[in-house]
2 protein chains.
Amino acid sequence: MARRLPPLNALRAFEASARLGSFVAAAAELRVSAAAVSQQVRRLEQYLDTPLFQRLARGLALTEQGRDYLPELSAGFNLLGESTARVRAKRADGVLTLTTLAAFANGWLLPRLHRFRERAPRIDLALRTSREIMDFRRDALDLAIRFAPTPGRGLHGEELCSEELFPVASPQLFGGRHMPDTLAALADYPLLHDTDAGNEQPWLGWRGWFERAGLSTANVGRGPQFSDSIVLIGAAVAGLGIAIGRGPHVAPMLARGQLVRVTQESWKSPWRYWLTAPAAHFRRPVVRIFVDWALEEARQP
Amino acid sequence: MARRLPPLNALRAFEASARLGSFVAAAAELRVSAAAVSQQVRRLEQYLDTPLFQRLARGLALTEQGRDYLPELSAGFNLLGESTARVRAKRADGVLTLTTLAAFANGWLLPRLHRFRERAPRIDLALRTSREIMDFRRDALDLAIRFAPTPGRGLHGEELCSEELFPVASPQLFGGRHMPDTLAALADYPLLHDTDAGNEQPWLGWRGWFERAGLSTANVGRGPQFSDSIVLIGAAVAGLGIAIGRGPHVAPMLARGQLVRVTQESWKSPWRYWLTAPAAHFRRPVVRIFVDWALEEARQP
DNA sequence: GCTGAGGCTAAGATATTCTTGTGCTCATGG
DNA sequence: CCATGAGCACAAGAATATCTTAGCCTCAGC
């Protein structure tokens, strides 16, 4: 008749630790101290009477038991989490005003939005794309997605995703010819530039890339410039040259074959995409539901 | 990056309540008071901002939200519970000495035992089938399965399953003829009797059945008698007559078509099958693992 | 119209869980 | 080769969360 379950919070602590590979990281996800996670995991190990981690001086390694255990736990918690999110979202109702870069909206948000509509059919999204930093005091904004080193002063922020960059071009640019496979060889093709880029964020500009590789930057300024990433990408798709593709902005074009990666080079940006707003906004149900959904989307491979 | 989960203990309280249809029943399963369950469910409803139950004067009814929610939660908790049980069982090691009625072992336990071997490959079962009540003080017994109204004096017990009874016979007994469909019509066939039955437990004897139906019991004592349910069933399978089939004892024969139910009559026994032993035994890992497994098996449809 | 089952609430008791602060180990880098 | 810092363990007290108890309410069934 009965069902016997292990201590659930200990289980959650283990699942997070195993998934993230560290008590410190798990503690951040669970918003408790690392010591708390350590204690919870110990409790579970006692309950099971078997070690789940090998404690190394620097970090953790799963034991065989732990390795077998993790995937099923994750699946179980996913079920709990997803079904809960659905229940929560179904009756929420209202408008969510969101700003983000057009290119991010286009590359990341729009292709996923049908799933949000499914989950929260009664929340309407009002999307404001703008290159300016919006002011929460002035504008009637619920939430912003920002690319920045930190969430922003005075604002609460949750990390949405990181960004990997790599050279991309239309396959038509090369006709049948061999595609260049080194950074140096790219200089033979027209390079497309983002106007803003390259000062603070060297990974956004060709100059940064050539300097990092120790190559001459003499001719690196040549080529057309674009003030907006979305237009820049459009130019690359049209075969006008090679652009520095920002992962989240170009993923759908890569998936459709409109763009391909050129060379194996890549650069992982130290900045992050943040979901950000004054802390109070995050307590609005409509915002919370969107944020939870977005974070979940970002966790998918 | 992050995953957001609802309060897990509240979730478990809801799952149990919804599955069992009552806070009182859920409280028994979770081994807390009904008030605690009520509070936990309320907490979850607040978290979700939606009602999950309609509170009726006498009992509960799921709302639409709750109805959608339950199956996924159950699936999630099943994953957690089953994978945990596997991890727990894998290293346990030893012998479990168990007594039970031969017919119950044959009809219920043996067909399921391959799954137990899978889960706990290093636990060997020593099965002692006996019609006598075993004495935990005298015999080296870990656990007994007993059919009784209560677990037994001085012993801890967990309810394994109930028992439904119904007339059964080999389909060959009727040749091509019409199968009797009323209790009264059974009297035309040989009735098979369990020697012990019919005094304390009227549902085990034909006399009890005929009395309950208000029929004459004049000829009800006729027919062969058997001192052991397993032999009685064998006789029924061999086409010797109609027996009172005890659900857990005859399930595999029904599944294989060796027996069929005769008439739609059935009687739900007020006694239960108990897993029972001195409380201390239940704390032995080997016992706990078997008990958890058996309870889980009993929950399956 | 009783009675009992089942649920609710409030308040205080009890447990669990978390944080803080300290100490340890070892990989990394100067 | 030593200093540094990341990451984990441990202990004790603090902060919560959770449970129980006890009394009340409603309605179904007798």
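A note on names: the letters A, B, ... follow the listed sequences, proteins ahead of strands, and every chain is numbered from 1.
Considering only residues two or more places apart in sequence or on other chains, B:Ser83 meets the side-chain hydrogen bond (donor to acceptor under 3.5 Å, both in side chains) condition with none of them. Residues that satisfy the ring-ring contact (aromatic ring centres under 6.0 Å, His included) test with B:Phe147, not counting sequence neighbours, are B:Trp271, B:Tyr273. The side chain to side chain contact (heavy atoms under 4.5 Å, CB included) search around A:Ala89 returns A:Arg119, A:Ala120, A:Ile289, not counting sequence neighbours. For A:Phe282, the ring-ring contact (aromatic ring centres under 6.0 Å, His included) criterion is met by A:His156, not counting sequence neighbours. Remark: A:Arg122 pairs with A:Asp93 by the salt bridge (charged side-chain N to carboxylate O under 4.0 Å, His left out) rule, at least two apart or across chains. The salt bridge (charged side-chain N to carboxylate O under 4.0 Å, His left out) search around A:Arg246 returns A:Glu163, not counting sequence neighbours.
Checking D:dC19, D:dT18, D:dC8 against every side-chain atom of B:Asn9, the shortest atom distance belongs to D:dT18. Distances were taken from every side-chain heavy atom of B:Val24 (C-beta onward) to each of C:dG6, C:dT19, D:dC19; the shortest belongs to C:dG6.
Residue pairs meeting the salt bridge (Lys or Arg N to Asp or Glu O under 4.0 Å) criterion with at least one partner in residues 272-284 of chain A, sequence neighbours excluded, are A:Asp142-A:Arg284, A:Glu159-A:Arg272. Among residue pairs with one or both ends in residues 41-53 of chain B, those qualifying as salt bridge (Lys or Arg N to Asp or Glu O under 4.0 Å) are B:Glu45-B:Arg55; sequence neighbours excluded. Annotation: salt bridge (Lys or Arg N to Asp or Glu O under 4.0 Å) contacts involving residues 63-76 of chain B, sequence neighbours excluded, comprise A:Arg86-B:Glu72, A:Lys90-B:Asp68.
Close to C:dT17, at under 4.0 Å from its OP1 or OP2, lies a side-chain N or O of A:Arg43.
Ring centroid separation for the pair A:Trp209 and A:Trp203 does not come in under the 6.0 Å cut-off.
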Might you list the N or O atoms of the protein lying below 3.5 Å from N or O atoms in nucleotides 23-30 of chain D, with each pair's distance?
none

Close N or O pairs between protein and nucleotides 9-15 of chain D (under 3.5 Å):
unit_1: D:dA9; atom_1: OP1; unit_2: A:Arg55; atom_2: NE; d: 2.3
unit_1: D:dA9; atom_1: OP1; unit_2: A:Arg55; atom_2: NH2; d: 3.4
unit_1: D:dA9; atom_1: OP2; unit_2: A:Ser38; atom_2: OG; d: 2.6
unit_1: D:dC10; atom_1: OP2; unit_2: A:Arg42; atom_2: NE; d: 3.3
unit_1: D:dC10; atom_1: OP2; unit_2: A:Arg42; atom_2: NH2; d: 3.1

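Within the 4.5 Å cutoff, no side-chain heavy atoms of B:Pro151 are placed close to those of B:Arg146.
Rounded to whole Å, atom C1' of D:dT16 lies 13 Å from atom CD of B:Gln40. Counting to the nearest Å, the P atom of D:dG7 and the CD atom of A:Gln54 are 18 Å from each other. Computed from coordinates, the B:Leu8 CG to D:dA17 P distance equals 14 Å when rounded to whole Å.
Nearest-nucleotide positions on DNA chain C for B:Ala34 and A:Val37 put B:Ala34 closer to the 5' end.
End-to-end axis angle for the helix from C:dG1-D:dC30 to C:dG30-D:dC1, using five pairs per end and rounding to 10°, comes out at 30°.
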